[in-house]
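Since the structure comes first, as structure tokens, the remarks are kept for the end.
Chain naming here is simple, since letters A, B, ... match the order of the sequence lines and numbering starts at 1 in each. When reading the values below, keep in mind they use all heavy atoms of this one structure, side chains included, and skip hydrogens, waters and symmetry mates.
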Amino acid sequence: MPVITLPDGSTRQFDAAVTGATVAEAIGPGLARAALAMEVDGRLMDLSAEIGADASLRFITRRDPEALEMIRHDCAHVLAEAVQELFPGTQVTIGPPIEHGFYYDFHRNEPFTPEDFPAIEAKMREIIARGDRFVRRVVSRAEAVDLFVRKGERFKVELIRDLPGDQVISLYSQGDWVDLCRGPHMRTTADIGAAFKLTKVAGAYWRGKPENPVLSRIYGTAWRDQKELDAHLTMLEEAEKRDHRRLGQAMDLFHFQPEAPGAVFWHPRGWKLFSTLTDYMRRRQEDAGYQEINTPDIMDRALWEKSGHWDKFRDAMYLTEAKEERVFALKPMNCPGGIQVFKQGLRSYRELPLKFGEFGKVHRFEPSGALHGLMRVRGFTQDDAHVFCTEAQIEEESVKVIDLCLSIYRDFGFEDVRIKFSDRPEKRVGSDEIWDRSEAALKGALRAAGIHDYSVNKGEGAFYGPKLEFVLRDAIGRDWQCGTLQVDFNMPGALGASYIGEDGQRHVPVMLHRALFGSLERFTGILIEHTAGRLPFWLAPVQVVVATIVDDALPAARQAVAALRRAGLRVETDFRNEKINRKVPDHIEARVPVLAILGRREAEEGRVVLRRLPGREQQELPLAVAVAQLAADAMPPDLSTTPVAAE
RNA sequence: GCCGGCGUAGCACAGCGGUAGUGCAAUCGAUUCGUAAUCGAUAGGUCGCGAGUUCGAUUCUCGCCGCCGGCACCA
């Protein structure tokens with residue numbers, strides 16, 4: 001006699017076990033039409049599942065977030081059926097829903113290409129139009145293995161064999177097509193609708209392991225309706241427009257070339273942006289009690305052996321060659337250098353915590369396939385720092401780092417920051433006892449900083465200690481890892497660092513490694529994409545372009561340029577023999593934030609027209625007023641009394 | 001590193017077994033024109049690099065390099 005409790009608190013009683021579909025019908029024909037699946041006591045299930053005992057029940061309709069995931073999952077099944085119909089001999093593997101869509105990995109000698117998409121999509125529409133019911137069947141392990149062995153689906157057989165012993169094994173069929181699947185699914189393929197699109201193909205390793213066979217993955221996107229699909233496609237276009245590689249070229253910030261893969265050639269404007277960022281960071285760190293140092297780029301192999309890098313990091317290290325016996329390596333990290341500075345002279349506990357900052361340029365031999373514009377390079381500059389302290393100071397110093405980091409991100413308009421905690425990796429130095437203490441200390445710091453909402457990445461720590469990672473979410477919802485904070489009980493001792501404690505004895509300091517922007521290169525790329533190239537005024541490489549309407553205004557325009565430059569603004573000119581109608585769009589395109597325009601009238605009156613691009617509004621002001629206003633706007637957020645919010 | 005795609009003028013792209021074209025930019029000239037692209041002329045390419053096939057290769061084949069999308073790896 002199941003009693004079903006609905007979300008509004010009402011109940012329905014049934015004489016015998018009932019399916020969700022029956023319950024929906026009992027409630028009303030509208031719901032019966034709209035219900036796609038159900039949640040029974042918090043578990044998502046097929047509508048056709050039977051409820052035999054008292055339960056609370058919620059129906060899933062197209063509007064619920066769960067429906068979107070099911071549309072995508074069902075769509076993956078339909079994709080697989082379509083592919084197997086069109087390309088006999090193709091083996092299926094897995095096809096999960098993912099953010100914005102789904103994929104399915106196939107095994108086939110000949111990989112798929114986007115040219116195959118129209119035929120596959122047409123077949124998918126056909127299957128959806130058929131509206132086959134999704135039918136669930138629970139089978140024994142032997143039965144499942146037998147079925148897929150007969151079908152020649154060796155990947156599915158492997159999956160079944162690896163399922164835990166107590167796992168219920170279910171098959172889902174739509175028409176004649178069967179897949180191993182946990183479910184749940186919607187009622188029929190017709191519930192998927194028409195708002196889907198295959199987007200790309202890619203190779204992917206079976207089960208993500210490079211030693212396994214390469215599968216051909218087809219990605220698709222699927223939505224509730226055409227409007228949502230269109231919005232998503234528009235978002236993709238928007239992301240493409242913001243691509244920092246494209247904007248970097250358009251804005252003349254930097255370039256790459258084949259002789260130096262993964263290494264940036266910074267142009268004057270890009271370097272101005274870069275150095276504006278480092279200037280800002282220098283001020284913030286000085287305020288926070290850091291002292292800046294600089295250490296060698298190339299050091300003897302022996303040092304890297306002692307630090308542990310030679311053992312744990314050599315694959316990513318560049319070695320040098322010279323007419324000398326000794327082997328030198330380009331630094332992949334700044335920490336060993338920082339420790340050498342700490343080691344000079346006898347340190348006292350009274351000096352701790354000692355904070356050394358270094359804008360160190362490190363080189364890492366990244367896999368070629370990982371390179372991606374400024375986001376992933378082989379040579380990059382870290383806003384690195386090493387805090388030498390006692391074990392008792394770890395928590396307080398870590399809290400300071402976290403606070404500084406979040407405060408800095410706010411200055412750039414990043415309010416949405418996630419934190420990840422990564423614990424001991426397999427490849428590591430130091431005893432388990434030391435790792436226990438390091439991890440506990442870092443967790444304590446999180447607690448002390450009032451941060452309870454963080455995710456844990458198992459085994460992702462640095463080889464010398466656990467780490468926190470700070471992840472920014474940009475204007476169009478993408479996540480970027482930037483800052484990091486690592487607690488290190490190992491390296492200072494390995495490199496012989498010590499201080500004299502209160503007791504007159506030598507002690508090994510603990511070291512906090514931290515970077516806030518992380519990689520300056522990457523952070524610059526993130527800023528470009530976050531702002532779509534319209535950088536906040538204080539960061540814009542070219543802040544003002546002075547443009548003339550007629551040549552008669554040239555002398556006044558030159559005076560305006562001089563006055564703006566005297567006020568510390570980055571100014572360029574557009575004295576071309578072009579109409580103002582032409583100059584305006586050119587500078588909008590170049591992402592110049594302010595256009596200062598002088599015609600004959602302004603020249604005569606000592607005034608200037610400011611136009612903040614890409615807007616259409618103009619203000620006409622006396623030159624001195626305009627200069628003062630712009631100079632105030634150009635103040636970096638840490639120096640400005642009224643903080644300038646980033647876009 | 002792996003799978004697939006791509007590489008033609010400064011940029012965006014077209015083209016094709018008979019040694020290259022369009023638009024924008026550039027240069028020169030005319031125009032001095034008040035807020036989203038003035039007109040005309042000129043110049044610009046060892047078609048990524050190297051081999052091979054061919055009477056002939058930018059075009060076909062192979063190798064290498066780089067880039068793009070994923071995978072794997074990561075700041």
For [N] and [M], measure between their [atom1] atoms and round to the nearest Å.
N      : M      : atom1 : value
G17(B) : G7(B)  : P     : 15 Å
A25(B) : A75(B) : C1'   : 36 Å
C47(B) : U35(B) : P     : 47 Å
G44(B) : G21(B) : P     : 13 Å
C71(B) : A37(B) : P     : 42 Å
G10(B) : G18(B) : C1'   : 30 Å
G45(B) : C39(B) : P     : 27 Å
G1(B)  : C60(B) : C1'   : 30 Å

Name the nucleic acid region contacted by [X], choosing base, sugar-phosphate or nothing; use a 4.0 angstrom heavy-atom cut-off, strictly under.
X         : answer
Gly599(A) : base
Glu602(A) : base
Gln618(A) : base
Gln481(A) : sugar-phosphate
Lys579(A) : base
Val550(A) : base
Gly203(A) : base
Arg601(A) : base
Val377(A) : base
Ser368(A) : base
Glu578(A) : base
Ala202(A) : base
Pro114(A) : nothing

Which nucleotide in the list [options] gets nearest to the side chain of [X]?
X         : options                : result
Arg582(A) : A72(B), A25(B), U35(B) : A25(B)
Pro261(A) : A72(B), G66(B), A36(B) : G66(B)
Ser519(A) : A75(B), U35(B), A12(B) : A75(B)
Asp586(A) : A72(B), C65(B), A37(B) : A37(B)
Pro210(A) : A12(B), G70(B), A72(B) : A72(B)
Arg600(A) : G34(B), C74(B), G1(B)  : G34(B)
Ile588(A) : A36(B), U32(B), C11(B) : A36(B)

Check each of Val609(A), Ile580(A), Leu598(A) against Ile549(A) using the side chain to side chain contact (heavy atoms under 4.5 Å, CB included) test, and report the only one that passes.
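It is Ile580(A), the one option of Val609(A), Ile580(A), Leu598(A) that forms the side chain to side chain contact (heavy atoms under 4.5 Å, CB included) with Ile549(A).
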Does [X] make a side-chain N or O approach to OP1 or OP2 of [N] shorter than 4.0 Å?
X         : N      : value
His372(A) : G69(B) : yes
Arg607(A) : G34(B) : no
Lys467(A) : A75(B) : yes
Arg522(A) : C74(B) : no

Using only modelled atom types and a 3.5 angstrom limit, is any donor from either the side chain of [X] or the base of [N] paired with an acceptor on the other?
X         : N      : answer
Arg217(A) : C3(B)  : no
Asp551(A) : U32(B) : yes
Glu366(A) : G1(B)  : no
Tyr205(A) : G70(B) : no

Parallel, tilted or perpendicular for Phe87(A) and Phe112(A), by the 30°/60° rule?
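The rings of Phe87(A) and Phe112(A) stand perpendicular, inter-plane angle above 60°.
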For the residue pair Tyr409(A) and Phe470(A), does the interplanar ring angle fall in the parallel (under 30°), tilted (30 to 60°) or perpendicular (over 60°) class?
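Because their plane-to-plane angle is over 60°, the rings of Tyr409(A) and Phe470(A) count as perpendicular.
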Is Tyr219(A) stacked on the base of G70(B), with ring centres under 5.5 Å apart and planes under 30° apart?
no
Enter the distance from Phe274(A):CZ to Leu374(A):CG here, rounded to the nearest 0.5 Å.
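Reported value, rounded in 0.5 Å steps: 9.5 Å.
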Interatomic distance, [X] [atom1] vs [N] [atom2] [rounded to whole Å]:
X         : N      : atom1 : atom2 : result
Glu460(A) : A75(B) : CD    : P     : 9 Å
His107(A) : C2(B)  : NE2   : P     : 19 Å
Ile526(A) : C74(B) : CD1   : C1'   : 13 Å
Asn581(A) : A36(B) : CG    : P     : 5 Å
Arg611(A) : G34(B) : CZ    : P     : 15 Å
Asp243(A) : C68(B) : CG    : P     : 9 Å
Gln486(A) : C74(B) : CD    : P     : 13 Å
Lys583(A) : A36(B) : NZ    : P     : 14 Å

Ring-face cation of Arg378(A) near Phe365(A) (centre distance under 6.0 Å, axis angle within 45°)
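Relative to the ring axis of Phe365(A), which defines the angle, Arg378(A) lies inside both limits.
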Do Arg514(A)'s NZ or CZ and the ring of Tyr290(A) fall within the cation-pi criteria of under 6.0 Å and 45°?
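Arg514(A) over Tyr290(A) ring: yes.
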Are [X] and [Y] close enough that a side-chain donor and a side-chain acceptor fall under 3.5 Å?
X         : Y         : result
Ser422(A) : Lys458(A) : no
Ser519(A) : Arg376(A) : no
Glu469(A) : Gln486(A) : no

Dot-bracket for RNA chain B, please, read 5' to 3', with Watson-Crick or G-U wobble pairs under 3.5 Å on both distances, ( ) within the strand, [ ] crossing, | other strand, . unpaired.
(((((((..((((....[..)))).(((((.......))))).....(((((..]....))))))))))))....
Heavy-atom closest pair (Phe463(A) atom, Pro425(A) atom, distance to 0.1 Å) is CA-CG, 4.2 Å
Looking at Val377(A) and Gly262(A), what are the two nearest heavy atoms and their distance?
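Looks like CB-O, 3.1 Å.
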Residue met sooner reading RNA chain B from 5', once Gly615(A) and Phe365(A) are mapped to nucleotides
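Result: Phe365(A).
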Mapping Arg616(A) and Arg576(A) onto RNA chain B by nearest heavy atom, which one lands closer to the 5' end?
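Whichever sits nearer the 5' end wins; that is Arg576(A).
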Counterpart residues, side chain to side chain donor-acceptor pair (under 3.5 Å), relative to Asp474(A) (two or more places apart)
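For Asp474(A) the side chain to side chain donor-acceptor pair (under 3.5 Å) partners, ignoring immediate neighbours, are Arg478(A), Trp480(A).
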